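Written below as structure tokens is the structure these notes are about.
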Amino acid sequence: MTLETQLQAAAVQAVAVLYGAQVDAAQIQIQKTRPEFEGHLTLVTFPLLRQSHKRPEETGEDMGRYLKENTALVSAYNVVKGFLNLVIAPQAWLGLLDEINADPQYGLVSATEESPLVMIEYSSPNTNKPLHLGHVRNNLLGWAVSQIAAANGNRVVRTNIVNDRGIHICKSMLAWLRWGNGETPESSGKKGDHLIGDYYVLFDKHYREEVHALMAQGLSEDEAKQEAPLIKEAHEMLVKWEQGDTEVRSLWEKMNTWVYAGFDETYKALGVSFDKIYYESQTYLEGKEKVEEGLKKGIFYRRPDNSVWADLTGEGLDEKLLLRSDGTSVYMTQDIGTAKLRFQDFPIDKMVYVVGNEQNYHFQVLSILLDKLGFEWGKGLVHFSYGMVELPNGKMKSREGTVVDADDLVAAMIADARATMDAAGKNDDMTEEEKQETARIVGMGALKYFLLKVDARKNMLFNPEESIDFNGNTGPFIQYTYARIRSVLRKAAEQGLNVEAGLPADVAISTKEEELIQHMAQFAEVVRTAGQDCSPSVIANYCYDLVKEYNQFYHDFSILKEEDEAKKMFRLALSKNVAQIVKNGMGLLGIEMPERM
């Protein structure tokens with residue numbers, strides 16, 4: 001039970017004794033005391049004035065006196081206007097640390113069979129190109145949101161929708177047929193997604209050349225784009241694909257297999273995975289079926305050109321295309337079909353889509369359409385909308401000059417981490433294998449932390465050099481503090497000190513140590529807040545604040561050189577639990593903690 005919960009219970013009892021009134025614990029507002037005032041926790045008296053029939057200051061004095069005299073929690077108090085600042089007794093802090101120490105999963109809630117089932121969609125790549133920086137932020141956010149949802153006691157299904165059909169896929173297929181000479185990932189030494197992405201770029205290069213040639217013959221740009229032989233051939237291939245042409249389908253399956261193998265490598269490097277993957281090629285027909293059903297029910301309407309639309313002007317929006325005049329589907333149709341299949345496959349209580357803020361309108365419309373089609377969960381879907389991410393110079397290393405490749409970014413981060421550690425001599429006593437593994441953990445930690453510490457709803461600038469810094473609000477700074485604590489604990493073990501034996505029964509502790517325990521105790525509430533708000537940045541910045549406080553403590557207080565045995569064991573236990581909470585918190589972000597740095 002947290003100190004806040006204990007104080008709420010004691011305050012409820014105080015109101016009953018002092019004023020003969022009953023109040024709910026929810027009426028007792030407790031918050032962290034502001035730094036300019038003495039105290040640890042503050043009770044707000046204003047909600048209790050109806051029961052006390054006294055001024056706020058008098059109510060505070062009554063409550064403070066009662067809590068000090070009748071509980072072991074409060075050692076002193078002061079009243080500032082309507083705020084009762086409470087000084088928590090040292091023994092209460094020891095009891096709280098004992099509680100944290102007894103539970104390695106402190107603050108994390110395990111799911112049961114009755115827990116809500118939350119499905120979280122993220123990644124959503126196209127199979128005509130490799131993953132890029134935007135996908136990196138998407139995948140890291142999706143994974144973190146799913147981890148935080150699970151830490152709040154939910155059952156979680158992580159899902160992906162792969163956009164594996166359409167004209168863009170046919171473009172890379174056609175380019176490979178024209179200019180590939182049978183090239184494969186094995187023969188080229190390229191990852192499959194990079195190989196196919198290269199042919200997508202090659203198609204665009206030759207297509208632009210055809211368009212310019214036609215414009216030189218007098219056609220307008222729009223006419224040239226439609227009449228270019230390559231785009232016509234790509235459309236013909238798409239029609240054949242829709243009709244189930246054996247040859248086209250066989251090539252499509254082969255090339256997609258290459259891409260999926262490449263994606264899997266990138267996902268592994270990022271440390272993300274999925275419980276269920278859906279494919280647009282399997283869901284778009286389900287969506288078309290639901291649109292046709294809506295057409296028959298009068299929910300949608302058909303225009304003279306045979307296209308199907310939803311009129312959302314009654315909802316303050318516009319009209320939305322659902323089927324083109326040739327009967328082919330659009331993304332909205334696919335998402336309707338995918339949603340139908342997902343809720344068929346799983347008894348989902350909540351559906352969260354992790355998709356960039358450029359799709360805000362799309363999900364607003366999807367929610368309305370699903371509701372109109374009779375899906376009870378339509379109105380309840382959540383669009384976790386996040387901002388765009390860029391680099392200071394717009395790119396790190398790009399194949400097309402505009403897109404930052406995910407694999408290049410990961411490799412560069414690991415290389416930068418290794419170079420930084422080599423230069424600082426932080427890994428001199430490691431084997432080559434240890435050096436490279438630590439560089440991977442630190443490089444990926446730097447990347448993940450930098451992308452996740454910012455409020456996801458904001459656009460952000462990712463600076464690779466700044467992210468590797470071993471000082472400041474960075475992943476490596478937090479990892480280094482963790483590794484420092486682990487080093488202290490190893491040395492303690494070498495001296496025969498058993499940190500696992502439990503806490504000293506009675507020890508005098510400092511204000512800084514009280515602050516550290518209070519900060520650790522807030523982890524449970526931080527996890528709850530991050531879950532309610534779908535906000536990984538809350539966890540990230542909490543971990544930074546905790547290690548910043550710990551580093552001040554480490555600088556000011558002796559641990560292994562402390563002569564008082566009780567204080568030494570207390571500080572070791574304090575350090576061990578700071579490390580455990582940091583590891584658990586960073587783990588929710590998908591960030592590993594190195595034992596040595």
Side-chain angles (χ1 to χ4, degrees), residues 1-100 106-107 503-526 528-529 542 545-546 549 552-553 556-557 567 570 574 577:
M1 187 186 294
T2 65
L3 287 179
E4 288 85 349
T5 307
Q6 293 177 60
L7 279 173
Q8 282 179 321
V12 167
Q13 187 178 36
V15 172
V17 172
L18 293 170
Y19 309 124
Q22 297 297 319
V23 294
D24 293 326
Q27 240 181 292
I28 309 296
Q29 295 181 20
I30 304 237
Q31 58 198 35
K32 189 174 181 181
T33 302
R34 287 166 56 179
E36 61 264 36
F37 299 114
E38 182 191 3
H40 299 102
L41 294 169
T42 297
L43 188 153
V44 183
T45 65
F46 299 109
L48 304 177
L49 301 186
R50 186 178 295 175
Q51 286 76 28
S52 71
H53 303 292
K54 292 184 176 182
R55 293 168 54 242
E57 293 85 346
E58 293 174 306
T59 304
E61 283 290 341
D62 288 346
M63 295 290 291
R65 191 179 309 111
Y66 180 92
L67 292 172
K68 182 182 176 185
E69 292 173 358
N70 294 277
T71 76
L73 293 173
V74 178
S75 62
Y77 69 91
N78 63 84
V79 179
V80 179
K81 296 184 178 177
F83 299 94
L84 168 60
N85 301 318
L86 303 167
V87 177
I88 303 301
Q91 208 58 37
W93 291 119
L94 289 173
L96 183 54
L97 181 58
D98 209 20
E99 183 184 332
I100 295 169
Y106 176 82
L503 293 169
D506 189 25
V507 62
I509 62 176
S510 67
T511 301
K512 172 52 70 177
E513 289 162 333
E514 290 174 351
E515 289 172 352
L516 267 175
I517 296 171
Q518 184 173 13
H519 204 121
M520 280 192 281
Q522 290 167 357
F523 182 58
E525 183 57 36
V526 167
R528 277 195 293 274
T529 300
Y542 166 84
D545 289 339
L546 179 58
E549 277 198 33
Q552 290 171 357
F553 157 78
D556 295 340
F557 294 85
K567 282 186 179 180
F570 165 79
L574 184 70
N577 284 284

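These numbers come from the heavy atoms of this one structure, side chains and all, not from hydrogens, waters or symmetry mates. Computed from a predicted model, the values in this text were never measured in an experiment.
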message = Walk me through whether R55 and L49 qualify under side chain to side chain contact (heavy atoms under 4.5 Å, CB included).
response = CA-CA 7 Å; R55 293 168 54 242; L49 301 186; over 6 Å; no
task = Show your working on side-chain hydrogen bond (donor to acceptor under 3.5 Å, both in side chains) between S52 and T59 and close with a plain yes or no.
result = CA-CA 6 Å; S52 71; T59 304; 2.8 Å; yes
query = Between L3 and L41, is a side chain to side chain contact (heavy atoms under 4.5 Å, CB included) present by the stated rule, with each step listed?
reply = CA-CA 9 Å; L3 287 179; L41 294 169; 4.1 Å; yes
request  = Report the C-alpha separation of F523 and Y542 in whole Å, then their side-chain angles, then the decisive distance to 0.1 Å, and conclude whether the ring pair (Phe, Tyr, Trp, His ring centres under 6.0 Å) test is met.
outcome  = CA-CA 8 Å; F523 182 58; Y542 166 84; 5.6 Å; yes
Candidate pair E514 and T511, rule side-chain hydrogen bond (donor to acceptor under 3.5 Å, both in side chains), full reasoning = CA-CA 5 Å; E514 290 174 351; T511 301; 4.6 Å; no
request  = Would you sort out whether Y106 and N577 count as a side chain to side chain contact (heavy atoms under 4.5 Å, CB included), showing the intermediate values?
outcome  = CA-CA 10 Å; Y106 176 82; N577 284 284; over 6 Å; no
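Counted within 6.0 Å of CZ on R34, heavy atoms from surrounding residues, nucleotides or ligands total 12 or fewer; the atom is thus considered open.
For the residue pair A21 and Q51, the shortest heavy atom distance occurs at CB-CG, 3.5 Å. Contact between E4 and I30 at its shortest, heavy atoms only, is CG-CG2, 3.9 Å. When all heavy atoms of L96 and A521 are compared, the closest pair comes out as CD2-CB, 3.5 Å. Nearest heavy atoms, L67 versus A11: CD2-N, 4.1 Å. Closest approach of G82 and F46 over heavy atoms only: CA-CZ, 3.6 Å.
Counting only residues at least two apart or on different chains, the side-chain hydrogen bond (donor to acceptor under 3.5 Å, both in side chains) pairs with a member in residues 72-87 are T42-N85, E61-Y77, N78-N85. Residue pairs meeting the ring pair (Phe, Tyr, Trp, His ring centres under 6.0 Å) criterion with at least one member in residues 20-43, sequence neighbours excluded: H40-W93. Evaluation of the side-chain hydrogen bond (donor to acceptor under 3.5 Å, both in side chains) test over residues 13-30, restricted to residues two or more places apart or in two chains, returns Y19-D62.
In this structure, the side chains of Q522 and K32 come closer than 4.5 Å at one or more pairs of heavy atoms. Inter-residue side-chain proximity for K512 and D556 is flagged as unmet; no heavy-atom pair is nearer than 4.5 Å.
A donor and an acceptor atom, one from each side chain of T5 and Q8, are nowhere located under 3.5 Å apart.
For the atom pair Q6 CD and I88 CD1, the distance stands at 9.0 Å (nearest 0.5 Å). Taking CE of M63 as the start and OG1 of T45 as the end, the distance is 9.0 Å to the nearest 0.5 Å. Here the straight-line distance linking atom CD of Q518 with atom OG1 of T2 works out to 11.0 Å at 0.5 Å rounding. Here I100 contributes atom CD1 and D98 contributes atom CG; the two are 10.0 Å apart, rounded to the nearest 0.5 Å. For the atom pair L48 CG and K54 NZ, the distance stands at 12.5 Å (nearest 0.5 Å). T71 contributes atom OG1, which lies 7.0 Å from atom CG of L7 (distance to the nearest 0.5 angstrom).
The closest donor-acceptor contact from the side chain of E549 to the backbone of L546 lies at 3.5 Å or more, if one exists at all. Between the side chain of E69 and the main chain of Y66, no donor-acceptor pair closer than 3.5 Å is present.
Residues that satisfy the ring-ring contact (aromatic ring centres under 6.0 Å, His included) test with F553, not counting sequence neighbours, are Y550, F557. Residues that satisfy the side-chain contact (heavy atoms from CB on, under 4.5 Å) test with A76, not counting sequence neighbours, are V87. Take E38 and apply the salt bridge (charged side-chain N to carboxylate O under 4.0 Å, His left out) test, not counting sequence neighbours, and it matches no residue.
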